[in-house]
Amino acid sequence: MSRHSHSPKVCAEGAVVASSLPETELHKLWIHCNLCFELFALKRHVFFLLACQHVSCEKCVKSCLGRTPSDALIYTCPVCHKSVRGRQVNNVMPNNLKRMFHPEPWNLALDHIEKFQQTNQKHFDKYKEKKEKELDKLDKDIQLAKSVCQQHFREQQMLRVERRKLAMRVRQIKLQMVKKKEAERFYISQRRRSKEDRQGSTLGSRASPSFRKPMPPPQSMQATIDAANRRQQITSFLQDSNNSFDL
């Protein structure tokens, strides 16, 4: 930021001062530092009228001693950078210089005084116009930022809704996974029980006498049975008792 605009509250403070000053004192509002635009009516700093027709506050002007100790101070104008004489702006300054700040310069019939005040007034008006443009730009930037923030807020609201939906979906999936795992454990336990039941039934059938296989007969008995079976299989002639004749 340049030095010319280091006091952004000048316009607002000028309005406050204008509302607090009586009408007879409003003519002092145009008196300002030609560099930093500090207002004389605020009475926060000492002001100087320089021989180069510029007005400066004590913050901006630089002074040095004259050629002799009794000589007046020499000031370096912060606007045109000339080494000039200067006098403090107050009620005890010489009348010819005090008239430069007369509330009705048109009644003095002195063109240089009226020109001096008009030049300072135009200078301050340009500064106010510049600040008004900056304020308008800031207002537009604020409105733009406000609209962007509102859009972001709406997007955040939508994201919150989507987040809640996703959280509910995650809970549903977790619940489904728990139910699925419980079903799998139940199925595995059922298969294990059915397998144990089948194994138990097999062992029981082996131990029950009604389901035992018949023991094979001894070898000698088996031979006798086989011989009897073979004898039964021999084919014999049929005998007819009353069939006798000669051949």
Side-chain angles (χ1 to χ4, degrees), residues 1-21 26 28-45 47 56-61 78-79 120-208 210-211:
M1 184 180 293
S2 66
R3 195 176 181 185
H4 287 269
S5 58
H6 80 279
S7 180
K9 297 182 179 179
V10 168
C11 295
E13 290 175 341
V16 173
V17 173
S19 62
S20 61
L21 287 177
L26 293 179
K28 297 180 181 180
L29 289 177
W30 66 269
I31 306 173
H32 66 284
C33 176
N34 295 162
L35 183 65
C36 69
F37 297 92
E38 174 75 12
L39 291 175
F40 174 77
L42 295 177
K43 299 184 183 301
R44 293 187 300 199
H45 300 285
F47 277 69
S56 176
C57 67
E58 59 182 345
K59 296 185 303 178
C60 300
V61 72
V79 179
N120 276 270
Q121 185 67 57
K122 289 179 181 179
H123 185 251
F124 192 65
D125 288 342
K126 288 182 180 179
Y127 174 75
K128 290 191 293 184
E129 290 176 1
K130 177 183 177 182
K131 287 300 176 182
E132 288 174 357
K133 290 180 181 179
E134 291 179 0
L135 289 175
D136 291 339
K137 184 179 182 300
L138 288 175
D139 288 337
K140 292 179 181 179
D141 293 341
I142 290 172
Q143 293 299 326
L144 179 60
K146 184 178 179 180
S147 62
V148 171
C149 290
Q150 290 176 348
Q151 183 179 357
H152 288 173
F153 178 76
R154 289 192 294 268
E155 292 176 355
Q156 290 292 331
Q157 290 292 96
M158 295 176 63
L159 290 175
R160 289 192 186 98
V161 174
E162 292 296 326
R163 184 178 180 275
R164 287 196 291 267
K165 290 182 180 179
L166 290 174
M168 293 178 61
R169 180 59 180 163
V170 169
R171 287 196 294 268
Q172 292 176 357
I173 292 174
K174 288 182 178 180
L175 183 61
Q176 292 175 359
M177 293 297 295
V178 171
K179 291 182 178 180
K180 184 177 179 181
K181 289 181 179 179
E182 290 178 353
E184 289 178 354
R185 286 196 295 268
F186 178 77
Y187 176 72
I188 292 172
S189 62
Q190 287 296 103
R191 287 187 60 185
R192 188 178 299 167
R193 289 178 183 176
S194 62
K195 185 176 180 180
E196 291 175 355
D197 292 341
R198 286 197 300 269
Q199 291 177 355
S201 62
T202 303
L203 292 174
S205 63
R206 289 178 181 176
S208 176
S210 60
F211 292 98

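In this text, all values refer to a predicted model and were calculated from it rather than measured experimentally. Residue numbers start at 1 and run along the sequence shown.
Residues Ala41 and Leu29 come closest through the heavy atom pair CB-CD2, 4.1 Å.
In this structure, SG on Cys33 lies 9.5 Å from NE2 on His45, to the nearest 0.5 angstrom. Rounded to the nearest 0.5 Å, atoms NZ (Lys180) and CG (Leu175) are 14.0 Å apart. The distance from atom CG of Asp139 to atom CG of Leu144, rounded to the nearest 0.5 Å, is 12.5 Å. Interatomic distance, Phe47 CZ to Lys59 NZ, rounded to the nearest 0.5 Å: 8.0 Å. Atoms CG and NZ, from Asp141 and Lys146 in turn, are 14.5 Å apart once rounded to the nearest 0.5 Å. Taken to the nearest 0.5 Å, the CG atom of Asn120 stands 5.0 Å off from the CG atom of Asn34.
The main-chain N or O of Gln121 is never found under 3.5 Å from a side-chain atom of His123 such that the two would form a donor-acceptor pair.
Cation-pi check for Lys126 over Phe124 is not met; the charged atom does not lie both under 6.0 angstrom from the ring centroid and within 45 degrees of its normal.
Ile173 places a side-chain heavy atom less than 4.5 Å from the side chain of Met177. Using a 4.5 Å cut-off on side-chain heavy atoms (C-beta onward), Lys131 and Glu134 make contact.
Heavy atoms of other residues, nucleotides or ligands lying less than 6.0 angstrom from CZ of Arg160 number more than 12.
Electrostatic pairing of Lys128 and Asp125 counts as a salt bridge here, judged by a charged N lying under 4.0 Å from a carboxylate O. The pair Arg193-Asp197 does not count as a salt bridge, with every side-chain nitrogen at least 4.0 angstrom from each carboxylate oxygen.
Judged by distance alone, the side chains of Arg154 and Gln157 never bring a donor and an acceptor atom under 3.5 Å apart.
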With side chain to side chain contact (heavy atoms under 4.5 Å, CB included) as the test, would you mind laying out the steps for Val161 and Arg164 before giving the verdict?
CA-CA 5 Å; Val161 174; Arg164 287 196 291 267; 3.4 Å; yes
